[in-house]
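Here is the structure we will look at.
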Amino acid sequence: MLEDEGESGKITLEEKIEGFSDSYVDFIENCKTETEVVAYLREKLRAFRYKSLDEFTTLPYGSFFFQELGNRALIAGSIGKDVFNDGFRILASHIDSPRVDLKPKPLYEDSDTGIALMKTQYYGGIKKYQWVNVPLALHGQAVLKSGEVISIRLGDKRSEPVFVMPDLLPHLAKKQFKRQLEEGIEGEEMNLIVGTSAGNAEKDPVKSNVLALLKQKYGIEEEDLASADLSLVPAFGPRYSGFDNSMIAGYGHDDRASAFTTFRALLENSGARYSSLAIFYDKEEIGGYGISGSMSNMIESTVHSILRKVGPDYSMADFYKVLRNSRAISADVDSAMDPSFKDVHDDHNAARMGKGIVIAKYTGYGGKYSGSEAPSEYVAHIRKVLSDKGVKYQFGTMGKVDEGGGGTVAQDIARYGIPVIDAGPPVLGMHSPYELVSKKDLYESYLAYLAFLTEV
Ligand code: MN
Ligand code: MN
């Protein structure tokens, strides 16, 4: 349930922030992959009067709908008073996070050591050395030739085994210490230990034993691991952090912090003038490619399906007008100024943790390459929307101009002629197995997204 906003006004802001943080912690504890987020959203949306787009023949004012894209991405929204003239208010976040995937042929036995291992390939921009010697859980699915989907989730509970990719002991790391940090752990050294007990087979007895256990527990064979999406994610859960409990430490704030705050803003948004779309993309961490990413035709095809149900005779001119009159926020986390690595930030333009949602006028790197920049008129509009509702916000750029950078889904939305700006909570330790976000910033992000959806 949503927290009682308390018409009597008896609930203090601090209590609202605590309640909101509790719900968020439950969410990220249970949803560690895009598929798990989609399952969560589907269930909650149904409970809050949303129905699948296919269930509607017409979409009058006040319809609440959602559309899933292959269990990995989802669009939810509502119809406002005049979608053909007003367009949509779009909040676009992503629900994939950096992690370590299994290769299609992962399992092998090192006969010399009698250890069965699985080969991995990391997903997204990680610092590889952060992912060794941490407890990992296996999440995902294997699909049999029959099409049957076998869900796997192993390692989150105390009673379940976790998996570890061991690093070299320091006693013998004299040469490894001389490597550049980037090569401290190489991709092909990220091998997961999965067993040491030998079965009766003559060839590869440890690997054979693991295969027998996989068959027994999940009914899968070695080749089924090739038709699988299996990911290793941190096995530990989120926790409040700091003596003052002001932060949340957890895996995947990027970008489930924005996805959750978007989702909660969406649920609060009823009877608004504007039509809304909340897009939960997959594949952002690898550039938006693929059928569930922001470079797919998800926006066109969904907007088309929606408009056909609002006004079946609509024209291509209407379609483009709807897109042109839409407004978007790319809801994604930003970097918080790191007090121990200040030299990578432009002190004057860096976002500070605890100071509210970060608005990034532009993303990209160097000379603003490969990013998206919001026009000044649109930045002014967003300032007004947020300040009118008393939302705490700050402007920020990711780091020093020549230090690095990054992109979001914003440029893929801008392609449709939709003004778009990046805004999300600042995060410390981004893309690590345990990121930090401020409870206050999380709540201000929710308020910002709600103000955007409910502007008048
Ligand atoms: Mn992100
Ligand atoms: Mn990211």
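Read the numbers this way: they start at 1 and go in the same order the structure lists the ligands and their atoms.
- Shown are Lys128, Lys119, Arg179; of these, the salt bridge (charged side-chain N to carboxylate O under 4.0 Å, His left out) with Glu189 is made only by Arg179.
- Checking Lys342, Arg352, Lys400 one by one against Asp347, the salt bridge (charged side-chain N to carboxylate O under 4.0 Å, His left out) holds for a single residue, Arg352.
- No close placement of the Phe263 and Phe27 rings is indicated, their centers lying 6.0 Å or farther apart.
- Aromatic pair Phe452/Tyr449: centroids not less than 6.0 angstrom apart.
- Less than 6.0 angstrom separates the ring centroid of Tyr443 from the ring centroid of Phe20.
- Between Tyr24 and Phe260, the two ring planes are tilted [angle within 30° to 60°].
- Near-neighbour remark for the Mn ion (ligand 1): protein N, O or S atoms under 2.8 Å are His94 NE2, Asp254 OD1, Asp332 OD1, Asp332 OD2; waters not counted.
- Atom NE2 is the N/O/S atom of His431 found closest to the Mn ion (ligand 2).
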